[in-house]
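Comments concern the structure below.
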There are 2 protein chains.
Amino acid sequence: METVGQTIRAKRESLGLLLRQVASYLDIDQAILSKIERNERKPSRDNIIKLAEILQMDGEDLLIQFMSEKIALEIANEHCASKVLKAAEQKVKYLKSNLEKN
Amino acid sequence: METVGQTIRAKRESLGLLLRQVASYLDIDQAILSKIERNERKPSRDNIIKLAEILQMDGEDLLIQFMSEKIALEIANEHCASKVLKAAEQKVKYLKSNLEKN
DNA sequence: TTTTACTTGACAGAATTTGTCAAATGTAAA
DNA sequence: TTTACATTTGACAAATTCTGTCAAGTAAAA
């Protein structure tokens, strides 16, 4: 299973773009992008959106990959991880139904 | 749907315990516990475990409630929240299957 | 009015995040 | 082997977030 970093690097290389080109588009130092691609740093939400743009990817897909990876790493070492996710699903539903009302 | 803070407060009051008593058991200032109960501060993992002990609750249940609440609040404002959770579930499975091997 | 429980906000120190920079490393062509 | 270029690495600083302390404030009961 591919990490966000791996996905980004693969796409960047397939487009023949350099770290410095993509980093400048994101308005960050190329050192940071290098670390993002190797999962040493986490991209910001804005980074993800800009990355999807320049790498011609679906922004929502990349965001989903990014957020789900974050959550998975947070709880993967819990033996009750899947219970946590199921409970989270219920809470999200509840929260959303309340947002509608206000 | 009850927040962790509400659950804790309800249980503490039903046992007739004072903030200061529970806080001292957790080894934190009662101001912090007050804020935890009103969702102004987040409890640490250790706080949750100790709370379950002194409030005679199941520690795992409380942890699940705590972690799922954290995740739900993180993503509830995303319209793709449920896709994120489904993707997270897959990733957790993948990560767990790899942990076994090492 | 006094006591008791809880709340609030200012504050400080610790820890984490976020970014900059330049030197080091790797790589491939000249 | 040099040279040029892409990437990686780690030291560093600034900014932000986290954690807890403390004392003054509110509210309600005795």
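Quick note: numbers below take in every heavy atom, side chains included, and nothing from hydrogens, waters or symmetry partners. In what follows, chains carry the letters A, B, and so on, assigned in the order in which the sequence lines appear, proteins first and then strands, with residues in each chain numbered from 1.
Looking at A/Ser68, its side chain does come within 3.5 Å of a backbone N or O of A/Ile64 through a donor-acceptor pair.
Partners of B/Lys86 under the salt bridge (charged side-chain N to carboxylate O under 4.0 Å, His left out) rule, at least two apart in sequence or in another chain, are A/Glu89.
Taking the charged nitrogens against the carboxylate oxygens, B/Glu78 and A/Arg45 do have a contact shorter than 4.0 Å, which makes a salt bridge.
Within residues 64-73 of chain A, no residue places a heavy atom under 4.0 Å from DNA chain D. Within residues 1-25 of chain B, the residues having any heavy atom under 4.0 Å from DNA chain C are, by residue number, B/Arg9, B/Arg12, B/Leu18, B/Leu19, B/Arg20.
Put simply, CD1 on B/Ile36 and CZ on B/Arg9 are 11.0 Å apart, with the number rounded to the nearest 0.5 Å. The line from NZ of A/Lys70 to CD1 of B/Ile75 is 10.0 Å long, rounded to the nearest 0.5 Å. Atoms CD and CZ, on B/Glu37 and B/Arg12 in that order, are 4.0 Å from each other to the nearest 0.5 Å. Going from atom CZ of A/Phe66 over to atom CD1 of A/Ile49 covers 10.0 Å, rounded to the nearest 0.5 Å. Atom CD1 of B/Ile48 is separated from atom CD of B/Gln65 by 8.0 Å, given to the nearest 0.5 angstrom.
Nearest heavy atoms, B/Asp58 versus B/Ala52: C-CB, 4.2 Å.
For the residue pair A/Glu69 / A/Thr3, no side-chain donor-acceptor distance below 3.5 Å is found, with atom types taken as modelled.
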Taking protein heavy atoms under 4.0 Å as touching, what does nucleotides 12-30 of chain D look like 5' to 3' if B marks base contact, S marks sugar-phosphate-only contact and - marks none?
-------BBBB--------
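Of all nucleotides in DNA chain C having an atom under 4.0 Å from a heavy atom of chain A, the first and last in 5' to 3' order are C/dT18 to C/dC21.
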Extract all donor-acceptor atom pairs below 3.5 Å that involve side chains of residues 20-29 of chain B and protein atoms in other chains or at least two apart in sequence.
| from | atom 1 | to | atom 2 | distance (Å) |
| --- | --- | --- | --- | --- |
| B/Gln21 | OE1 | B/Leu18 | N | 2.7 |
| B/Tyr25 | OH | B/Glu53 | OE1 | 2.6 |
| B/Asp29 | OD1 | B/Ala31 | N | 2.8 |

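With a 4.5 Å cut-off on side-chain heavy atoms, B/Leu51 and B/Val4 do not count as touching.
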